[in-house]
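Only a predicted model underlies this, so the values are computations on that prediction, with no experimental measurement involved. Atoms within each ligand, like the ligands themselves, are counted from 1 in listed order.
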Amino acid sequence: MPEQLAWSQACENNKGPILEVLRRWLPATGDVLEIGAGTGQHAIFFAQQLPGIRWQPTDRPGTLDTVAARVRLAGLANLAPPEPLDLHRWSREALGPVDAVFSANTAHIVDWAGVQALFAGVAGVLRPGGVFLLYGPFAYGGQHTAPSNARFHQTLRAQDPASGIRDVDDLRRLGEARGLILAEDVAMPANNRTLVWQLGQSRAGDTAARSTRLSR
Ligand SMILES: C[S@@+](CC[C@H](N)C(=O)[O-])C[C@H]1O[C@@H](n2cnc3c(N)ncnc32)[C@H](O)[C@@H]1O
């Protein structure tokens, strides 16, 4: 891999644990759309490890050079060249329908309108029963899960007051309004989580039943 390509140690650290969650939730064959692919390391690794999955990385227009170069070098039949997708201006129909959407470390970067647009876009692009896997740091009931996450939140807010670690309670309401039910909440290394949302019928009884499955 040429050295000039941007590279993330965090991706190397978290890709194995995320893969275990993907293996449990993805169908053997199907389409996955990735939002905010960044360096493309996740896209390459997951496409290599999940050969039945067609992986479509995306990121904001103008930020695709690194992921495009990595995709070219990888030469994987099931990994598509990256498409531009700004989640504030998501043309859902152009990229779907898909069996799953994956996004890592984006919900705390974009503003709240962006998070709302993310959930709306995901609900629009998923096939019925499809899943949305959202990785990153999250808070619960207004509380951070670790002092390092509290510090990270303050750093994000200092850089951009509209950014910051999101509360799972807020995301759960957002999801349920779009028919996305939080089906699993998996602890990840370094105080991160993978939240697994499933598109289905949003009924109060379903929500109560599924909440007992949360692993936190
Ligand atoms: C912290 S990086 C995470 C990158 C990668 N997913 C990872 O885990 O290393 C945040 C990503 O969100 C993308 N992003 C920021 N604003 C976005 C937007 N409005 N629409 C789509 N992607 C966005 C950035 O370009 C960047 O790739």
Side-chain angles (χ1 to χ4, degrees), residues 1 5-22 32-50 53 55-71 74 79-92 94-96 98 100-125 132-139 148-149 151-166 171 174 186 188-197:
M1 191 65 62
L5 290 183
W7 188 81
S8 158
Q9 181 60 49
C11 279
E12 295 304 309
N13 298 344
N14 62 37
K15 66 186 187 182
I18 295 173
L19 176 65
E20 294 313 308
V21 183
L22 291 173
V32 175
L33 180 67
E34 181 181 7
I35 311 296
T39 64
Q41 287 162 260
H42 281 149
I44 307 293
F45 180 69
F46 298 143
Q48 282 169 338
Q49 298 296 318
L50 302 165
I53 295 295
W55 196 277
Q56 175 63 71
T58 72
D59 210 319
R60 279 179 303 163
T63 68
L64 299 175
D65 288 356
T66 299
V67 60
R70 275 212 167 82
V71 167
L79 179 60
E83 293 282 349
L85 189 158
D86 182 332
L87 54 84
H88 289 102
R89 286 175 281 280
W90 186 332
S91 170
R92 304 194 296 255
L95 292 164
V98 294
V101 178
F102 171 75
S103 193
N105 293 313
T106 47
H108 60 271
I109 299 296
V110 298
D111 59 13
W112 182 245
V115 178
Q116 291 174 310
L118 174 62
F119 275 76
V122 167
V125 82
F132 172 36
L133 299 106
L134 183 62
Y135 172 90
F138 298 98
S148 58
N149 280 6
R151 286 193 297 275
F152 183 44
H153 178 75
Q154 293 308 324
T155 303
L156 288 165
R157 283 280 160 98
Q159 290 165 355
D160 176 0
S163 68
I165 291 178
R166 306 302 172 188
L171 298 181
L174 203 53
V186 190
M188 296 276 111
N191 302 307
N192 289 297
R193 319 286 303 182
T194 296
L195 306 178
V196 185
W197 310 81

Would you say the side-chain atoms of [X] pair up with the backbone N or O of [Y], donor to acceptor, closer than 3.5 Å?
| X | Y | result |
| --- | --- | --- |
| Arg166 | Gly164 | yes |
| Ser103 | Ile35 | yes |
| Asn149 | Asn191 | yes |

For ligand 1 and [X], I'd like to know whether there is a polar contact (N/O to N/O, distance under 3.5 Å).
| X | value |
| --- | --- |
| Asp59 | yes |
| Val110 | no |
| Cys11 | no |
| Ile35 | no |

Under 4.0 Å, heavy atoms only, figure out whether ligand 1 is touched by the backbone of [X], its side chain, both or neither.
| X | answer |
| --- | --- |
| Asn105 | both |
| Thr106 | side chain |
| Thr39 | neither |
| Asp86 | both |

Closest non-hydrogen atom pair between Ala107 and Leu134, with its separation: CB-CD2, 4.3 Å
Looking only at protein heavy atoms, which one is nearest to [atom], and how far off is it?
| atom | answer |
| --- | --- |
| atom 21 (C) of ligand 1 | Leu85 O, 3.3 Å |
| atom 4 (C) of ligand 1 | Gly36 O, 3.5 Å |
| atom 20 (N) of ligand 1 | Leu87 N, 3.0 Å |

Is ligand 1 less than 4.0 angstrom away from at least one heavy atom of Gly114? no
Just to check, does His42 reach to within less than 4.0 Å of ligand 1 when the distance is taken from its heavy atoms? yes
Within-4.5 Å side-chain heavy-atom neighbours: Asn13 and Ser8: no
Which ligand 1 atoms, with their elements, are less than 4.0 angstrom from a heavy-atom of Gly38? 4 (C), 27 (O)
Atoms of ligand 1 under 4.0 Å from any heavy atom of His88, numbered from 1 in the order shown, are 19 (N)
By side-chain hydrogen bond (donor to acceptor under 3.5 Å, both in side chains), which residues pair with Ser163, not counting sequence neighbours? none
Kindly identify the option in Arg89, Arg60, Glu12 whose heavy atom sits closest to atom 14 (N) of ligand 1. Arg60
Sorted by chain and residue number, the salt bridge (charged side-chain N to carboxylate O under 4.0 Å, His left out) partners of Glu12 (sequence neighbours excluded) come out as Lys15
Find the distance between CG (Asp59) and OG1 (Thr39) and round it off to the nearest 0.5 Å. 10.0 Å
Residue that, paired with Thr58, satisfies side-chain contact (heavy atoms from CB on, under 4.5 Å) out of Val67, Leu85, Val101, Thr63: Leu85
Using the ring pair (Phe, Tyr, Trp, His ring centres under 6.0 Å) rule, pick out the option among Phe138, Phe152, Tyr135 that qualifies with His108. Phe152
